[in-house]
2 protein chains.
Amino acid sequence: MLHGLSINNRKPEELRALARDRRELAISKTGRLKALLLNEAKLLEFHADLRIWMVSSARPLSESALPSRPETGLVPLRHSTLGRLMSRMALSAEDEQALISAARARTFERDDVVLAEGGRCDALHMLCGGAARASRTLEGGNLQIVSVFLPGDALNPGDVLLGRSPTTISALTSSLVLSIPADELRSLLTHRPSIVRALWRETALLASIQRERLIGLGRKAAEARLAHVLCEFAYRLQKDARDGDAVELPLTQVELADLLGLSPVHVNRVLQHLRGRRLVEFSRGRLVIWKKNDLYAFAEFDPQYLQTELADDS
Amino acid sequence: MLHGLSINNRKPEELRALARDRRELAISKTGRLKALLLNEAKLLEFHADLRIWMVSSARPLSESALPSRPETGLVPLRHSTLGRLMSRMALSAEDEQALISAARARTFERDDVVLAEGGRCDALHMLCGGAARASRTLEGGNLQIVSVFLPGDALNPGDVLLGRSPTTISALTSSLVLSIPADELRSLLTHRPSIVRALWRETALLASIQRERLIGLGRKAAEARLAHVLCEFAYRLQKDARDGDAVELPLTQVELADLLGLSPVHVNRVLQHLRGRRLVEFSRGRLVIWKKNDLYAFAEFDPQYLQTELADDS
DNA sequence: CGGCCGTTTGAGCCACATCAACCGGGGTGG
DNA sequence: CCACCCCGGTTGATGTGGCTCAAACGGCCG
């Protein structure tokens, strides 16, 4: 796979060619391998897009910098993952460009460590493709997953400010991460207040998610706890999903257990029970919500806390 | 007590007089009532200080504004609670003054609600005296405490940005809260980048604390979980405490239970067990750590995550 | 075909919950 | 000043959700 093949010194065309190879290879394959190849293809294409974007937008800045983000123009990434990342941060075109230009892209394979526990945290990382987790290993060998990151999430918006990484951040699947080294980040932060705001908001959002999980861990039974995270993931992956829609969630039951503070065995049983009640279904990375409303009610899940833009009712 | 007596339209001298009354009254009293009266006296004096500070520093700004915060000069609050709050935020004298001038002070009695769950969150609140908690009540009637706030903490640095209050914030004891309304805050944030930074850092710090608690809830046994929060509180209240020092921690066993996701009965038993091992002692609001190192090790507590200034080793 | 990883199933056990009663101090009301 | 009462803490008995250990299963890949 991508192992060992360097991405950073290749031209966009090469990357696209590699991606095409992956896609062709995928046709003849089946199951997990196929998914893997397609995922890699996506990452490669994304990387190519990124290169093109960085080069093409390096020059014509002052003239294309409309006050609000333009839907047309040189930016070909509006609907790509990078686009989603950026639109969530709600930055001006200028700020976007400054941010992305300072970034270095890197791919990680499953279980690769992006940032080790206890080390100095000298770069801001953002996840563009794949999935990642932040976890802590206790003395007994127990593992607790603290956060699961999906494309568009910042991995350490708070830690980069405090300067230390309190958890290990590692990839759940092949992932693409944009990293901004500390010194470049520093200058971005001093000159671009809206980037500070955006990172502050990311920090607050991450904290919101952790808070909900905390409440679940403290006071909900296993079933509601599990149901809640499934709601959360479904919503984060696809806000407007209808009953019966499926989303890809690259987690095993063991990882769910480490996330929920349960044993894998129990996760399995609870999952079966939820399936039996025809509320949700989750197996080998495929999540289907059958009765969204019932599930939300059962899990006491209110997507409010995941909203990035504030709705302005009452 | 303070119930019903308006604080906001009194002169500093009056407030000081009231505080003196409280202290005198306290002498003849005993136990809890005494503590209560002393606490109120402190709050009143604090309030008086605040008034004086605001008036006296309203004018001579540009001349007294040294680049870094001056140890001398007009500021009489360096060692008061307000001083600690400010020094933690590490703002310049100008920013400090702008922040405090925009604030309105208010006192709350035990169980008074500062900010209700689900409501719009239209002010930034900072705790100057007393203690407070953020909690969520579930449908079953179960309560989970999400955060405990001590003097100097911001109560909702993240929520004020996201615009909604996801938890109920209420006072644990008579407390004094500085509040900055949203519109004043907005203008502070646009004109004073270091205030944004400070609030971002507060958000990150709060998230750190929640993360540690999350790890405990997920994967630690009741005993280590309890030991950990006791370490946390002792450290937050008095970083440099020696073995055997006592600190005041205004929590009941029931509240500890709601914080740790345990039953009150079990908290009691675990507390006894820890006391039996001569590690910690906690009763009626008085916390004593007997063997700091042993306790830290047992709880896997590393104060790193509470550090506000980054140590620059390695 | 064989091995591996993720899932499934079953049996027994333990940490912690629940229920219920009692204690003890200190503040309040008679 | 005494009696009561309320609240926070303490104790015991009993129940159970979720854990552990152990083994089998099934798809996927080599």
Side-chain angles (χ1 to χ4, degrees), chain A residues 1 25-26 28-37 110-111 138 140-144 172-173 216-227 249-276 281-287, chain B residues 1 3 25-26 28-37 110-111 138 140-144 172-173 216-226 249-276 281-287:
Chain A
M1 306 296 114
L25 215 62
S28 67
K29 299 292 180 177
T30 140
R32 193 156 321 179
L33 185 54
K34 177 167 182 170
L36 253 166
L37 285 166
R110 168 162 241 269
D111 292 333
L138 299 181
N142 268 342
L143 185 84
Q144 175 67 40
L172 281 165
T173 65
L217 282 179
R219 290 299 187 200
K220 284 183 190 167
E223 208 161 336
R225 220 185 286 179
L226 177 53
L249 178 64
L251 289 174
T252 71
Q253 292 186 0
V254 175
E255 283 151 357
L256 272 180
D258 286 334
L259 182 65
L260 296 167
L262 297 170
S263 70
V265 182
H266 201 60
V267 166
N268 182 315
R269 294 200 236 260
V270 171
L271 224 31
Q272 286 177 57
H273 193 224
L274 287 174
R275 193 185 310 153
E281 206 157 308
F282 176 71
S283 70
R284 52 197 90 252
R286 208 171 170 71
L287 173 66
Chain B
M1 306 296 117
H3 267 311
L25 213 63
S28 68
K29 298 293 178 175
T30 139
R32 193 156 324 179
L33 186 53
K34 177 166 182 171
L36 253 166
L37 284 166
R110 168 162 241 268
D111 292 332
L138 299 182
N142 268 341
L143 185 83
Q144 175 67 40
L172 282 165
T173 64
L217 282 180
R219 289 299 186 201
K220 284 183 189 167
E223 207 161 335
R225 220 185 287 179
L226 177 54
L249 178 65
L251 288 175
T252 70
Q253 292 186 358
V254 175
E255 283 151 356
L256 273 180
D258 286 334
L259 182 65
L260 295 168
L262 297 170
S263 69
V265 182
H266 202 60
V267 166
N268 181 313
R269 294 202 236 259
V270 171
L271 224 32
Q272 285 176 60
H273 192 224
L274 287 174
R275 193 185 310 151
E281 206 157 309
F282 176 71
S283 71
R284 53 198 87 251
R286 209 169 169 70
L287 174 66

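Chain letters run A, B, ... following the sequence lines, proteins first, then strands; residues in each count from 1.
To the nearest angstrom, P of C:dT7 lies 9 Å from CG of A:Leu271. One interatomic measurement links the two molecules: CG of B:Leu251 to C1' of D:dC7, which rounds to 16 Å at whole-angstrom precision.
Of the residues in residues 217-226 of chain A, those lying under 4.0 Å from DNA chain D by heavy-atom distance are A:Ala221, A:Ala222. Residues from residues 255-268 of chain A lying near DNA chain C, meaning a heavy-atom separation below 4.0 Å, are A:Val265, A:Asn268 in numerical order.
Side-chain nitrogen and oxygen atoms of A:Gln253 include none within less than 4.0 Å of the OP1 or OP2 phosphate oxygen of C:dC5. Contact annotation: A:Gln272 side-chain N/O to C:dT7 OP1/OP2 distance is not under 4.0 Å. When the side-chain nitrogen and oxygen atoms of A:Arg284 are compared with OP1 and OP2 of C:dT8, none of them lie within a distance under 4.0 Å.
Across the helix from C:dC1-D:dG30 to C:dG30-D:dC1, the helix axis at one end is tilted relative to the axis at the other end by 30° (nearest 10 degrees, each axis from five pairs).
Atom OG of A:Ser263 sits about 10.5 Å away from atom CG of A:Asp258, to the nearest 0.5 Å. The line from CZ of B:Arg219 to CG of A:Leu262 is 7.0 Å long, rounded to the nearest 0.5 Å. The structure places OG1 of B:Thr173 at 10.5 Å from CG of B:Asp111, a figure rounded to the nearest 0.5 Å. One distance of note links CG of B:Leu226 with CG of B:Leu259; it measures 9.5 Å at 0.5 Å rounding.
Minimum interatomic distance between A:Leu251 and A:Phe282 (heavy atoms only, all atoms of both residues): O-CZ, 3.3 Å.
Nucleic acid contact class of A:Arg286 (heavy atoms, under 4.0 Å, all strands): none.
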Solution key, residues 264-271 of chain A side-chain donor-acceptor pairs under 3.5 Å, sequence neighbours excluded:
unit_1: A:Asn268; atom_1: OD1; unit_2: A:Gln272; atom_2: NE2; d: 2.3
unit_1: A:Asn268; atom_1: ND2; unit_2: A:Gln253; atom_2: OE1; d: 3.4

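Map B:Val254 and B:Arg269 each onto its nearest nucleotide of DNA chain D; the residue landing nearer the 5' end is B:Val254.
For the salt bridge (charged side-chain N to carboxylate O under 4.0 Å, His left out) test, residues two or more places apart in sequence or in another chain that qualify with A:Glu223 are A:Arg277. Residues passing the salt bridge (charged side-chain N to carboxylate O under 4.0 Å, His left out) test with A:Arg275, sequence neighbours excluded: none. By the side chain to side chain contact (heavy atoms under 4.5 Å, CB included) test, A:Thr252 is found to be paired with A:Arg110, A:Val254, A:Glu255, residues two or more places apart in sequence or in another chain being considered.
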Audit row: B:Gln144, B:Leu138, side chain to side chain contact (heavy atoms under 4.5 Å, CB included) steps and yes/no: CA-CA 8 Å; B:Gln144 175 67 40; B:Leu138 299 182; 5.9 Å; no
